[in-house]
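Each remark here refers to the structure printed beneath this line.
Labels below follow one simple rule: chain letters A, B, ... track the order of the sequence lines, proteins then strands, and each chain is numbered from 1. Bear in mind the structure is a predicted one, so any value in this text is a computation, not a measurement.
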Amino acid sequence: MTYCVDMILPFDYQTPKTLKEACRLLGEAKGKAKVIAGGTDLVIRLRNEEEKPDLLVDVTCLEELKGIEESDGTLSIGATVTHSEISDSSIVKRYGSVLAKAASQIGSPQIRNLGTIGGNIINASPAADTLPALMVLNAVGRVVSSESEREVPVRQLLESPYKSALKPDELLVRIQFKKLSQDTCCSFHRLARREAMAIARMSLALLFRMRDGNISDFRFSPGAVLPVPDRLEEVETFLEGRSPEEDLLRAAACKVSEAIVKRSGIRPSTSYKAPVIEALFLRAMREAMQQCQSNK
Amino acid sequence: MPIKQIGIDIPKVDANNKVRGVAQFGADLSVSSPLHLKVVRSTKHHAKVIKIKTEEASRVKGVERIFTAQDIPGKHLVGTITKDQPVLVSDRVRYVGDPLAIVAAQTIEAAEEAVKKVEILYEDLPSVHTPEEALKPHAPLIHDHGNLLIEFQVVKGDVVAGFKEAEVIVEELYETTWVDHAYMEPDAGIGFMDEEGRVTVVCPSQNVHYDQKEVAGVLSLPLEKVRIIQCATGGGFGGRLDITVQCLLALATYHLKRPVRIVYSREEVFDVISKRHPLTIRYKSGAKKDGRLTAIEVEILGDTGAYASYGATVGIRSAVHATGPYQVPNIKVRSRMAYTNNPWSGAMRGFGVPQIAFAHESQMDLLAKAIQMDPIDFRLKNALTIGSETATGQSLMASVGIGESLRRVKTWRDQLISVSCDSPRPHLRRGIGIGSMWYGIGNTGIANPSTAQIEILPNGEVRLLTGVADIGQGSDTVLLQMASEALGVPIQEIKLIRADTAFTTDAGATSASRQTYISGNAVLQAIRHLKQEILREAASFLQEDEADLFVEDGEVRHRKKRCISLPIREIAKRTQKRFKGEGSYDPETRKLDPQTGQGAPYATYAFATHLAEVEVDTETGKVKVIRVVACHDVGKAIHPQNIVGQIIGGVAMGVGFALMEEYIPGETTSFVNYLIPTSKDVPEVIPILVEDREPSGPFGAKGVGEPALIPSAPAILNAIADAIGERIYHLPANLERVLEAVKKSKRGGKTWQPC
C-alpha cells in the first residue's frame with residue numbers, strides 16, 4: 001500500500017491559445033490527454049491514479065469557452081464558466097434560475113470559484129449538482145473536434161457513471177438552453193449530510209408553467225438517485241396538462257420513487273432514499289407553485 | 001496581593017506566530033538535504049509474514065536503504081500501557097496498515113516507487129472483526145495472551161436490592177462507532193543527529209518524554225542519547241499520545257547518521273492513527289418515583305482493535321464515570337475491551353467518557369420521562385454535591401459545580417421553552433435536550449506527576465522550563481500566566497522553554513485535561529522554591545534577617561523597613577548567581593481496588609451541563625443544531641477566552657460525534673468521505689463559566705479540555721428525542737437513523753412502502 005503525499009505521475013501540460021490548437025492537441029494525443037479547467041475533480045483523480053494521462057490540455061485561455069451570452073432567446077454559457085460566475089449571473093438568475101440555484105450550492109466558495117460547468121458535466125458524476133438543472137432546461141452542449149462540430153443534448157453527453165460520451169478528440173465548448181419564459185416556475189432542492197462541502201445525498205430540479213390552471217411543459221430530473229442523471233418522463237407525462245391538486249401531487253410523488261426504483265433497482269439505500277425523494281419532490285412542487293402564485 | 005495575570009484574556013503567546021504563518025508544523029520543518037521516508041504497510045487484516053522481499057525496491061534509483069524489523073537494535077514493541085505494538089512487523093500483521101518496512105530515498109518519488117516494489121509474502125490467518133466474536137472460546141488469537149485486553153469492575157452496594165427498591169427501571173443498549181481525531185495537521189517530522197550526538201526527532205507530540213523513553217528502548221540507547229522536540233502541533237485530541245512517526249524517524253537517523261524527513265498523507269493518517277473506541281453499552285438503571293436513583297447495572301464492551309494503546313484506560317475510565325455526575329447507592333459496572341483485527345483504538349478526547357455520557361444521559365431522560373419529572377429537576381435531585389460519595393466510594397470535599405451548572409442551564413431552558421414554538425413548516429420539529437457530565441482530572445488512580453523549573457540567570461533572564469506539550473489548547477499561555485502571577489514578573493519577560501527533552505523534565509502527557517491542574521501546580525511549587533532560594537541569598541546580600549524578607553511584585557521586600565525593595569532579577573545580577581526552583585506535583589489519589597473498583601482515582605473532577613436546541617427535518621432526517629448553551633465548572637478560569645475557545649471547539653466536535661462522524665474500516669479514506677462539521681454546521685454556542693474553586697488547584701483551577709466535548713452529543717441526542725418523540729441509540733444520528741426513528745415515533749411520519 002502506498003500513500004502519496006504530493007506525487008502525481010508525470011505528464012505534459014499545454015495551455016493552447018486557440019480552439020483549433022486545443023483540438024489538434026486532443027486529436028494528436030489519441031485518448032492519452034485529459035482536459036483540465038478548474039481541476040476540482042480531475043486533480044483528485046490524478047492523485048489517486050484513477051487517471052494517468054500523458055498530457056493535460058488546459059482550456060482556461062480559450063475565448064470560445066468563456067462568458068455567459070444571451071441572444072435570440074438563447075442563453076449560452078462557456079464550458080469554463082465557474083459555478084460562482086453562474087450563481088452570481090443576473091442573466092442566469094433571470095432566464096435559468098434553477099441552474100443558478102444548483103450552482104450556488106456546490107461544495108464551498110473555493111470550489112465554486114474554481115470548478116466549471118463544463119467540468120461538472122464531463123466528470124459525469126451521478127451526484128453532479130448542475131446536471132438535474134441542465135436536464136430540465138433542455139440544455140445542449142456544443143462539442144467541437146478538428147474534424148467536426150455537433151450539438152448534443154446534455155443527457156447524451158453522459159455515458160455511464162463518471163464517463164462522458166465525448167470522443168477523445170472532442171471538447172465541450174459551450175452549453176446552451178432556451179431562455180425560460182418569465183411565467184416558468186422552477187425549483188431546485190439538495191440534501192447532504194452537512195451544510196457545505198458534501199456530495200449530494202439527493203437533489204432534484206423541476207420546472208413547469210401553469211396554463212389555465214393546469215401544469216404545462218413539466219420537466220423533472222432527480223440527482224444522485226440514478227446511475228446516470230436523467231429526466232423522469234413517467235412523472236412528466238403523468239402531470240402534464242393536469243391540475244395540481246394535493247392528491248395528484250402525492251400520486252406523482254409515488255411515481256417518482258417508483259420510477260427511480262425501476263431504473264436503479266432496490267438498493268440498501270432505497271428504504272431511505274425513496275420516501276425522502278418523495279418528500280423533496282413535494283416540497284419542490286409546492287415551492288414552484290408558490291412562485292406561480294406570485295408570478296400572477 | 002492583588003491578582004493581575006489570572007482570569008484575564010491576554011493574547012495567547014503562540015497566536016502571533018501562528019497567524020503570521022511563522023510557526024513551524026511537522027511538514028514545515030526544514031533540515032539540510034534529508035532522505036525521505038515512506039512506510040510499507042500491511043494490506044492484510046491478519047496474516048503471517050513469510051518474507052519481506054526488498055531486493056527489487058532497493059534497486060530503485062535514489063533509494064538509500066530499506067529498513068525492516070531486523071534493523072531494530074532494541075525493543076521491537078511499543079505502547080503506552082501494554083507494549084504490544086511493533087515498530088515494524090516481522091512475524092504477523094494484525095490490521096490493514098501495520099508497518100513492515102521503511103524506505104529511505106533521495107526523493108519522495110523514489111521512496112514511493114520503492115514502496116510499491118517491496119514484496120510481502122503472507123500466509124493468511126483468520127481475522128476477527130467484532131469484540132463479541134473475539135471473546136468467543138475458539139476465536140482466532142490476535143495476541144498470544146488472548147483477545148481480552150482488560151476486564152474491570154466497579155461494584156458498590158447491592159444492585160439486586162437497589163432494583164427491587166426501584167419503582168421504574170429502564171434498560172437500553174447504546175452503540176458508538178470509530179471516530180477519527182481529524183486533527184488539522186497530518187503527522188510529519190524530521191530526524192537528525194544533533195550537535196551533541198543525540199538521535200533527535202522533531203515532530204508533533206502530546207508527550208515528548210514518553211516518546212523519548214520509547215525511542216531509547218527501540219534503539220537500545222540511554223535516555224540522554226535521544227532527544228525529542230515538539231514542534232508546533234496542529235491538534236492532538238489524544239491521537240498524538242501514542243507513537244506516530246517518532247520511532248520511524250529515529251531508527252532511520254540512528255542507522256544513516258544523516259537527516260531524514262517523513263510526511264504522512266491524510267489517507268495514511270486515517271488508516272494508521274488510533275481511533276475513538278467503539279463501545280457497546282448495556283445500561284440498566286432504576287429510580288424511585290420521587291426521583292431518587294436506586295441502582296445502575298452497566299455492561300461495557302469495547303473494540304480496542306489490533307493493539308492495546310489506551311484500551312485499558314478507556315475501559316477503566318468509562319466504568320468509573322458510568323454513573324454520570326450523580327449519586328447512586330448501588331452499582332455494578334463491568335467493562336471489557338477486546339482485541340480485533342480492526343484499526344486500533346486509542347486515546348481520544350474523553351477516554352470513553354463521551355460514549356458513556358451518551359448512555360447515562362439518555363437513561364436520565366428516559367427515567368425522568370417514566371416518572372414524569374422535569375429532566376433538569378431529576379438530575380438536580382441526584383447530582384453530586386460536596387460530601388457526596390462517588391461510584392468508587394470517594395468523598396467529594398470541594399468544587400462540585402454540577403448543581404450550579406444545572407441551575408444555570410435551567411434558567412436558559414425555561415426561557416427557550418417559553419419562546420420556542422414549533423415551526424410553521426410542519427415537517428420541521430424543534431427540540432431541547434440536556435446533557436451533563438463529570439470528568440476526573442488526571443490519570444485514573446495512578447501516579448501522574450509533573451515537574452517544572454523556574455530559573456533566574458546571572459544576567460537577570462527569567463526562564464520557565466516545562467515538558468508540557470502545547471497542542472493548541474493553551475498551556476504555554478496559562479503556565480506563563482501562573483508563573484507571572486506567582487513571581488510578579490511580566491509575562492513578556494519570562495522566557496518559556498518547553499517540550500524539548502534536552503532542556504526540560506517530564507511533565508507527563510497533555511491528556512486527561514491535566515496540564516493546567518497538575519503542571520500548573522508544579523510550576524507554582526517551582527516558584528515557591530525559587531523564592532526561598534532568592535530570599536536566602538537576599539538575606540545574606542542585604543544583611544537582613546531572612547524571616548523579615550518576602551517576595552512581592554517581583555521584588556524582595558522587608559516587612560518592617562519599607563525602603564528595602566530589590567527586584568529579584570537585580571539580586572541575580574548583583575550576586576552573579578543562577579537561581580533555580582524545582583517543582584513537582586502529583587495529585588493525591590487512592591488506587592482502585594482491582595476487584596471492586598473502589599478508591600479515589602482523581603484528586604478533583606470537572607463538571608458541566610450543555611443544553612442543545614435542535615430542529616429536525618422529519619421528512620429527510622436532517623438535524624440542525626441551532627444553539628448550545630454550555631455551562632462548565634472549571635474551578636477557576638485562568639484565561640476565560642481560551643476556555644471559551646475550548647468549549648466552542650468541544651461543541652463542534654460534539655456535533656460531529658452526535659450527527660455525522662463515522663470511520664468505516666475499508667471504506668473511509670479521507671475527508672471526502674469522513675465528514676466533520678463545517679463552520680455552517682456549528683451552532684451558536686453560549687458559554688457559561690462556573691468557578692467553584694478547587695482548593696488543591698493552582699489558583700483554584702481544574703481542567704476543561706475534554707469536558708468541553710463530553711456533554712454536547714448527549715444533549716443533542718436528547719434534543720432529537722424531544723423533537724420527534726423517539727430516541728436514537730446508535731451514534732452517529734445520521735440522516736438514515738433519524739428518519740428511521742421518526743418512522744417509529746407515534747408523532748412522526750408514515751412508514752414508506754412501495755406504492
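At a 4.5 Å heavy-atom cutoff, Leu100(B) makes no contact with chain A through either its backbone or its side chain. For a residue to count as touching a neighbouring chain, one of its non-hydrogen atoms must lie under 4.5 Å from one of that chain's; by this rule Ala192(A) touches chain B with the backbone only.
Counting non-hydrogen atoms of neighbouring residues, nucleotides and ligands closer than 6.0 angstrom, the CG atom of Leu249(A) exceeds 12 such neighbours. Atom CD of Gln290(A) has 12 or fewer neighbouring heavy atoms from other residues, nucleotides or ligands inside a 6.0 Å radius. The 12-atom threshold is exceeded at CE of Met289(A), counting heavy atoms of other residues, nucleotides or ligands nearer than 6.0 Å. Counting heavy-atom neighbours within 6.0 Å of Lys101(A) NZ, excluding the residue itself, gives a total above 12.
Pairing each heavy atom of Leu191(A) with each of Lys622(B), the nearest pair is CD1-CD, 4.1 Å. Nearest heavy-atom pair across Leu739(B) and Pro275(A) is CD2-CG, 4.2 Å.
In this structure, CZ in Arg194(A) is found 14.0 Å from NZ in Lys624(B), a value given to the nearest 0.5 Å. Remark: Asn48(A) CG to Ser670(B) OG distance equals 7.5 Å, nearest 0.5 Å.
Interface remark: of the candidates Ile676(B), Ile120(B), Val672(B), Ile676(B) forms the most heavy-atom pairs closer than 4.5 Å to chain A. Comparing Thr620(B), Val118(B), Thr678(B) by heavy-atom pairs within less than 4.5 Å of chain A, the highest count is held by Thr620(B).
Side-chain contact between Asp617(B) and Arg283(A) is present, with heavy atoms from C-beta onward closer than 4.5 Å. Counting heavy atoms from C-beta outward, Met202(A) and Leu735(B) have side chains that stay 4.5 Å or more apart. The closest side-chain heavy-atom distance from Leu280(A) to Glu619(B) is not below 4.5 Å.
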| query | Run the side-chain contact (heavy atoms from CB on, under 4.5 Å) check on Glu267(B) and Arg47(A) step by step: do they pass? | reply | CA-CA 12 Å; Glu267(B) 288 86 347; Arg47(A) 184 170 171 275; 2.7 Å; yes
| request: Walk me through it: do Arg193(A) and Glu662(B) pass the test salt bridge (Lys or Arg N to Asp or Glu O under 4.0 Å)? | output: CA-CA 12 Å; Arg193(A) 293 191 185 277; Glu662(B) 178 165 27; over 6 Å; no
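When the ring pair (Phe, Tyr, Trp, His ring centres under 6.0 Å) test is applied to Tyr13(A), no partner is found at least two apart in sequence or on another chain.
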